[in-house]
Amino acid sequence: MKIRALLLGLIAVGITATAAAADPIVIKFSHVVATDTPKGKAADKFKELAEKYTKGAVKVEVYPNSTLYKDKEEMEALQLGAVQLLAPSLAKFGPLGVREFEVFDLPYIFDGYADLHKVTTGPVGKMMLSKLEAKGIRGLAFWDNGFKSFSANSPIKTPDDLKGKKMRIQSSKVLEEQMRELKALPQVMAFSEVYQALQTGVVDGTENPHSNLYTQKMHEVQSNMTLTEHGYLGYAVITNKKFWDGLPSDIRGELEKAMVESTEYANTIAKEENDKALAAVRASGKTEIYQLTPAEKLAFKKALLPVHKKMASRIGADLIEAIYKETGFDPSKL
Ligand code: LMR
C-alpha cells in the first residue's frame, strides 16, 4: 500500500512538473525594426538570456518588424497587457503624455555616445524612467541605436536644401519643430510605412540612424543621404508595471539580470552595427552619400539650435539645463 501511495505521489509530482514545464510564463516582446539591427539583436539576446537564466520557466516571444503591432498600437497593447515588453524609440513617448523623453530629440544636444551615456546611465536617466510609473509602465533600461542622417530625393549640403521637402518624422513635437526650423514639412508616420511612402513620393525624405535606413532598404528609394549626425535615436525598454510586479520575485530577479546583460550587449554593438550599415549602403551604390565639411556641419548646428529654446516650455527648461550640465554642451559657444 505504502509503495503504491509513493508511486502515485511520484506520478503526481511528475505530472505537476510536466505541467509547469509545459506552461511557462510567456513574455511577448514586440518591436518595429528588423532583427538585424541593434534593437533586434538585443531583443533576441534578452530572449536567449531570459530563457537560460529562468531555466525555461519564462518563454520570450520576439515579434520584430511591426509583425504584431505598429508604433502607436504597441504602446496601447502594453498598457492593456497584450504585450509585456517593448523598446520604443525615445521620440515616441510624447503622445503617452511623458514629454521629458523628447529632450533626446533636440538637435545636436549630444556630441557622440559618451555624452549620451552620461545622461542615460546617470540620475537624469533614472528620473526619466521613473516618470513612466504614473502611466502603469516600468522603465527597465535604455538601449542605444545611433545618430541620424538626413536622406532625401535631392542633394543636402545646407539647411536650406530641405526647404519645402516633405519629411517623415516619428511622433515627436521636437522633431516636428526641427523640420519646421528647416522650412521642411514634417509628416508623422509609423515606421512600417516609411519605405512605401518614400518609394511612392508621399514623402521626399526622412532621418534615420544608418542601421534603420539600411535594413528597411530606404537607401534604395532615396537618391541622397548626408552624414549630418544631427540627432540621436535610442530606446527605452519598458514593461507593464502590474505584470512585472506580479512576477515571482526569483523569476523577476533572473529577468533583471538578463536585462542588465542584454543592455550591455545592445550598447556595445550599436555603433558597430550602424558603421556596418553605412558601409553596406555605400557598397550598394544606390544612394549618394555626402560627408559635410566642418563648416557645413556648423551651419546645420546653428540653424537647428533655436529648436532648444522653442521646445524648453514643453520639455522643461530645467531638464535641458541639467543635460547641458552633464554633457558640457554650451549653446553660446556655437
Ligand atoms: C522610427 O520610427 O524611425 C524608429 O523609431 C524605429 C525604431 O524603432 O528604431
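In what follows, residues are counted from 1 in the order of the sequence shown. All ligand and atom numbering here is 1-based and tracks the order in the structure. Just so it is clear, the model here is predicted, and its values are computed rather than measured.
- Ring geometry, Tyr232 versus Phe104: the interplanar angle falls from 30° to 60°, so the pair is classed tilted.
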(request) Take Glu207 and Gln178 through the side-chain hydrogen bond (donor to acceptor under 3.5 Å, both in side chains) test and state the conclusion after the steps. (result) CA-CA 11 Å; Glu207 53 170 13; Gln178 168 197 273; 2.9 Å; yes
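- For an aromatic pair to be called close, the ring centres must be under 6.0 Å apart, and Tyr113 with Phe147 satisfies this.
- Formation of a donor-acceptor pair under 3.5 Å by the Gln79 side chain with backbone atoms of Gly136 is not found in this model.
- Ring geometry, Trp143 versus Phe29: the interplanar angle falls from 30° to 60°, so the pair is classed tilted.
- Annotation: ring pair (Phe, Tyr, Trp, His ring centres under 6.0 Å) contacts of His210 (sequence neighbours excluded): none.
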Distances under 3.5 Å, N/O of ligand 1 against N/O of the protein: list each pair and its distance.
from	atom 1	to	atom 2	distance (Å)
ligand 1	2 (O)	Lys92	NZ	2.7
ligand 1	2 (O)	Arg168	NH1	3.4
ligand 1	2 (O)	Arg168	NH2	2.9
ligand 1	3 (O)	Arg168	NH1	2.7
ligand 1	5 (O)	Lys92	NZ	2.8
ligand 1	5 (O)	Gln170	OE1	2.7
ligand 1	8 (O)	Lys39	NZ	2.7
ligand 1	9 (O)	Asn212	ND2	2.9
ligand 1	9 (O)	Tyr235	OH	2.5

